[in-house]
Amino acid sequence: MKKSIITTLALLLLALNYTLAQELKSPNGALTMQFSIKSNGIPTYQLSYKNKAVIKTSKLGLELKDDKKSLLDDFTISKIERATFNQTWQPVWGEVKNIHNHYNELAVTLTQNETNRMLIIRFRLFDDGLGFRYEFPAQDNLVYFVIKEEKTQFAMTGNHTAFWIPGDYDTQEYDYTESKLSEIRGLSEKAMTENLSQRAFSPTGVQTALIMKTAEGLYLNLHEAALIDYSCMHLNLDDEKMIFESWLTPDANGDKGHIQAPSHSPWRTIIVSDDARDILASKITLNLNEPCKIEDTSWIKPVKYIGVWWEMITGKSSWAYTDELPAVQLGITDYTKVTPNSTHAANNTKVKNYIDFAAEHGFDAVLVEGWNQGWEDWYGHSKDYVFDFVTPYPDFNVEAIHKYAASKGIKMIMHHESSGSVRNYERHMDQAYQFMKDHGYDAVKSGYVGAILPRGENHYSQWIINHYQYALEKAANYKIMINAHEAVRPTGICRTYPNLIGNESARGTEYQAFGGSKPNHVTILPFTRLIGGPMDYTPGIFEMDISKLNPNNNSHVNSTLANQLALYVTMYSPLQMAADLPEHYEQFMDAFQFIKDVAIDWDESIYLEAEPGHFITVARKEKNTNNWFVGNVNGNNARTSTITFDFLEKGKQYIATIYADAKDAHYKTNPQAYTITSKKITNKSKLNQLSVPGGGYAISIKETK
């Protein structure tokens with residue numbers, strides 16, 4: 001009898017302990033997360049940094065479709081598990097040679113009354129932030145289910161300043177708006193600029209990765225990691241309570257996720273620091289993804305390339321071969337019987353000239369867009385069979401170009417534009433990838449412009465998320481590297497599949513030819529879009545007046561030439577393009593030297609200065625050398641950048657070649673004004689350097705012999 005009472009008491013004490021807040025601290029103790037169950041069984045969490053609240057008490061859970069009881073409340077804690085993980089791993093390519101993965105973990109198993117369903121919420125707390133996800137273990141009472149909405153909350157502590165783009169199911173290609181959270185509603189319509197495919201969902205909806213700054217100077221970044229077989233998460237703001245809530249992208253039926261247990265959601269991430277440089281240096285997104293699944297990665301190599309692209313973007317040249325045909329049918333239209341339009345860029349002569357330029361100046365590869373039949377009516381017609389990805393136009397000889405490039409030591413990069421017709425792309429994918437391998441192509445730039453087919457699907461819904469992953473894994477089977485444009489924003493999957501060497505998924509350089517981007521755009525992207533992975537931003541534009549390429553296009557590139565050089569350092573990517581025309585580089589060969597010299601793979605990266613919307617200064621050490629490169633990009637106002645070179649090795653001398661804005665440079669009125677100076681430096685040297693509006697500087701540092 002006494003033993004029974006003791007056992008009962010022990011169970012009661014255990015239950016009482018579970019109802020109390022479960023605390024988790026980061027390894028360095030700066031961050032504290034508390035998990036608790038409210039009186040009505042609602043799971044909640046809160047987060048503090050250096051004993052100050054960062055995320056106030058926020059609800060967790062999921063609303064299910066056509067289900068009597070959702071995974072929102074009436075939970076009790078049935079199990080608590082804790083763990084610590086501390087490991088260093090090496091990426092195939094990256095900003096650093098070694099990545100430290102150190103976190104403390106809390107896994108809470110919840111059991112729901114009446115349904116007896118189990119839900120695990122797993123938290124991982126790093127020194128620079130928190131990751132958490134929902135896990136659905138195998139069980140009889142929850143096997144197949146449909147998510148109506150995920151109800152994860154992020155309760156803000158105040159009316160923070162945010163750099164945001166409008167919530168949209170189909171595009172991220174917007175300029176960023178800087179505003180208080182309370183101002184998002186009033187500015188949303190203006191921020192929603194025209195795009196070929198877009199679908200807003202709320203006047204207070206925004207996209208991740210979202211960067212914010214509090215009145216006290218704390219920086220917060222909200223995003224997700226390891227987006228696999230799930231719908232992309234946006235954020236919707238309750239601007240009265242200042243609470244963000246997750247908002248998943250629906251499919252054609254309006255459903256937000258078809259789930260089969262056992263499975264789990266992506267990680268929801270919160271990066272926190274009182275130093276903006278820590279946000280840029282964070283590796284939480286990568287660390288929350290699984291280790292590399294490709295056994296042999298020797299074929300995955302960083303690439304510096306040029307391409308037949310910018311002249312089409314500006315309207316100087318065309319993708320299409322002829323202007324005679326309002327519509328074409330693959331396999332039926334006879335291109336040998338039409339008159340070429342004389343503006344088609346992907347022709348043998350021009351492509352060979354690009355190959356010659358690439359070979360002369362030490363580039364790895366050449367991209368060619370518009371080489372394949374079908375560009376006459378490729379967009380806007382809901383056309384399923386739009387490309388076959390293997391049939392060239394009459395003026396592009398695939399085999400001859402391959403042999404010519406190979407003779408010059410240059411690789412060719414394939415271009416696959418799906419025009420959103422995902423079914424068609426998947427039908428042709430094996431044939432297209434095999435065609436690439438047969439002709440020496442190791443990398444492909446894929447595109448998803450326009451509305452998605454099947455009709456009604458969005459660019460970020462679960463079905464097409466699975467397509468992007470299918471294409472990536474299929475490409476790995478063929479040893480092909482992927483650079484996907486218009487795809488979902490990256491979430492660190494490049495750790496698991498490092499053949500994902502680039503993405504666009506944001507407003508890139510092409511928009512400088514579509515009316516221009518804000519001059520401080522590139523001071524925001526590393527805090528937002530690049531948190532999830534590298535961006536194929538396509539920098540290196542030297543001619544800022546687009547009317548000189550196309551008299552009918554009055555766009556202006558809102559950047560100085562020195563700023564364009566700096567982007568090769570500040571916008572990290574293992575895939576870097578020199579995007580301008582060769583003839584423009586030939587006018588500024590002294591400045592072009594930096595693009596030729598700059599590395600694309602790194603042993604070490606140090607963020608020297610950072611403030612979102614204003615400036616970023618980065619120093620990076622080239623992999624397996626003692627060469628360093630520094631990049632600074634500046635926002636709307638002129639400033640003097642002040643840095644030290646204490647990252648250099650002690651006792652050694654270096655030559656620093658500084659490519660900087662001239663005193664009278666300005667992104668709009670005098671963008672091509674720059675200076676180049678060289679000086680000897682050591683690790684004790686300092687630099688005070690002017691950066692003009694929309695400007696910056698780039699430095700090449702080499703050890704003296």
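None of the values given here were measured: they were computed from a predicted structure. Computed over heavy atoms, backbone and side chain alike; hydrogens, waters and symmetry mates excluded.
Taking the centre and axis of the six-membered ring of Phe615, the NZ or CZ atom of Arg639 falls inside the cone set by 45° and 6.0 Å.
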Checking Gln172 against Asp168 for the side-chain hydrogen bond (donor to acceptor under 3.5 Å, both in side chains) test, could you report, in this order, the C-alpha distance in whole Å, the side-chain angles of both residues, the deciding distance, and whether it holds? CA-CA 7 Å; Gln172 280 198 285; Asp168 194 303; over 6 Å; no
Under the side-chain hydrogen bond (donor to acceptor under 3.5 Å, both in side chains) rule, what do Asp597 and Ser700 come out as? Steps first, then yes or no, please. CA-CA 8 Å; Asp597 291 342; Ser700 172; 4.6 Å; no
So Thr322 and Tyr393, side-chain contact (heavy atoms from CB on, under 4.5 Å) or not? Walk me through it. CA-CA 10 Å; Thr322 181; Tyr393 281 124; over 6 Å; no
List the steps, then state whether side-chain contact (heavy atoms from CB on, under 4.5 Å) holds for Val598 with Lys304. CA-CA 10 Å; Val598 69; Lys304 190 186 295 184; 3.9 Å; yes
Trace of the side-chain hydrogen bond (donor to acceptor under 3.5 Å, both in side chains) decision for Tyr667 with Asp661: CA-CA 10 Å; Tyr667 76 88; Asp661 295 321; over 6 Å; no
Check the pair Ser517, Gln512 against side-chain contact (heavy atoms from CB on, under 4.5 Å), reporting the backbone distance first and the verdict last. CA-CA 6 Å; Ser517 295; Gln512 298 282 22; 4.2 Å; yes
Please report the C-alpha distance between Ser691 and Asn632 in whole Å, then the side-chain angles of each, then the deciding distance to 0.1 Å, and finally whether the side-chain hydrogen bond (donor to acceptor under 3.5 Å, both in side chains) criterion is met. CA-CA 8 Å; Ser691 288; Asn632 163 273; 2.6 Å; yes
Please report the C-alpha distance between Arg427 and Asp384 in whole Å, then the side-chain angles of each, then the deciding distance to 0.1 Å, and finally whether the side-chain contact (heavy atoms from CB on, under 4.5 Å) criterion is met. CA-CA 11 Å; Arg427 292 186 195 111; Asp384 193 16; 3.3 Å; yes
After noting the C-alpha distance and the side-chain angles of Asp430 and Lys474, does the key distance pass the salt bridge (Lys or Arg N to Asp or Glu O under 4.0 Å) rule? CA-CA 8 Å; Asp430 278 296; Lys474 174 75 73 171; 3.1 Å; yes
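Electrostatic pairing of Arg507 and Asp175 counts as a salt bridge here, judged by a charged N lying under 4.0 Å from a carboxylate O. Ion pair Lys445/Glu369 flagged as a salt bridge, since at least one NZ, NE, NH1 or NH2 atom sits closer than 4.0 Å to an Asp/Glu carboxylate oxygen.
Looking only at side-chain heavy atoms (C-beta outward), Leu330 and Thr391 stay at 4.5 Å or farther from each other. Counting heavy atoms from C-beta outward, Leu453 and Asn424 have side chains that stay 4.5 Å or more apart. No side-chain heavy atom of Asp442 sits under 4.5 Å from any side-chain heavy atom of Trp299. At least one side-chain heavy atom of Ser197 sits under 4.5 Å from a side-chain heavy atom of His459. Side-chain contact between Glu543 and Glu583 is absent, with no heavy atoms from C-beta onward closer than 4.5 Å. In this structure, the side chains of Val386 and Tyr379 stay at 4.5 Å or more apart for every pair of heavy atoms. Taking 4.5 Å as the limit, every side-chain heavy atom of Tyr697 sits out of range of all side-chain heavy atoms of Val692. At least one side-chain heavy atom of Trp310 sits under 4.5 Å from a side-chain heavy atom of Thr509.
In terms of heavy-atom proximity, Ala506 sits nearest to Leu525 at CB-CD2, 4.0 Å. The two residues Ile410 and Ile355 make their nearest non-hydrogen contact at CG1-O, 4.1 Å. In this structure, Ala443 and Met436 approach most closely via the heavy-atom pair O-CE, 3.4 Å. The two residues Thr560 and Gly696 have their closest heavy-atom pair at OG1-N, 4.0 Å. Between Thr617 and Ser641, the shortest heavy-atom distance links the atoms OG1-OG, 3.9 Å.
Not one N or O on the side chain of Asn634 forms a donor-acceptor pair closer than 3.5 Å with the backbone of Gly695. Distance alone, capped at 3.5 Å, places no donor-acceptor pair between the Gln564 side chain and the Phe542 backbone. One N or O on the side chain of Arg489 and one on the backbone of Thr208 form a donor-acceptor pair closer than 3.5 Å. Looking only at distances, a side-chain donor or acceptor of Gln207 sits under 3.5 Å from a matching main-chain atom of Pro166. Judged by distance alone, the side chain of Trp319 and the main-chain N or O of Met312 form no donor-acceptor pair under 3.5 Å. Without hydrogens or angle criteria, Trp93 side chain to Pro498 main chain gives a donor-acceptor distance under 3.5 Å. A donor-acceptor pair is defined here as one N or O able to donate and one able to accept, closer than 3.5 Å; no such pair exists between the side chain of Thr491 and the backbone of Gly532. In this structure, Ser555 contributes its side chain and Gly515 its backbone to a donor-acceptor pair below 3.5 Å. Under the 3.5 Å distance criterion, the side-chain polar atoms of Ser505 are left unmatched by any main-chain donor or acceptor of Glu486. Using a distance-only test at 3.5 Å, with no hydrogens or angles considered, no donor-acceptor pair links the side chain of Asn503 to the main chain of Pro534.
More than 12 heavy atoms of other residues, nucleotides or ligands sit less than 6.0 Å from atom NZ of Lys437. Other residues, nucleotides and ligands place more than 12 heavy atoms under 6.0 Å from the NZ atom of Lys518. When the shell of 6.0 Å around CD of Glu399 is examined, it contains more than 12 heavy atoms from other residues, nucleotides or ligands.
Checked against the 6.0 Å centroid criterion, the rings of Tyr468 and Tyr448 qualify as a close aromatic pair. Outside the 6.0 Å centre-distance limit, the rings of Phe389 and Phe435 are not counted as a close aromatic pair.
In this structure, a donor-acceptor pair under 3.5 Å is present between the side chains of His584 and Asp580. Residues Tyr572 and Ser605 bring no donor and acceptor atom of their side chains to less than 3.5 Å of each other. Of the N and O atoms on the side chains of Asn341 and Asp323, at least one donor lies less than 3.5 Å from an acceptor on the other residue. Defined by atom type and a distance below 3.5 Å, a donor-acceptor pair is present between the side-chain atoms of Asp536 and Tyr305.
Between the CD atom in Glu173 and the CD atom in Glu194 there is a gap of 12.5 Å [rounded to 0.5 Å]. Here NE2 of His666 is found 9.5 Å from CG of Asn558. Values are rounded to the nearest 0.5 Å. For the atom pair OG1 of Thr343 and OH of Tyr321, the computed distance is 11.5 Å after rounding to the nearest 0.5 Å.
Taking the six-membered ring where the residue is Trp, Phe514 and Tyr511 present perpendicular rings, their angle passing 60° and hence far from 30°. Using the six-membered ring where Trp is involved, Tyr433 and His416 have ring planes that are parallel, under 30° apart on the 30 and 60° scheme. Between Phe629 and Phe594, the ring-plane angle classifies as perpendicular under the 30° and 60° cut-offs. Under the 30°/60° scheme for interplanar angles, the aromatic rings of His234 and Tyr460 are found to be tilted. Using cut-offs of 30° and 60° for the angle between ring planes, the Phe363 and Phe592 rings count as parallel. Using the six-membered ring where Trp is involved, His521 and Tyr537 have ring planes that are tilted, between 30° and 60° apart.
When Val557, Asn554, Asn552, Ile541 are each tested for a side-chain contact (heavy atoms from CB on, under 4.5 Å) with Ile546, only one passes: Val557.
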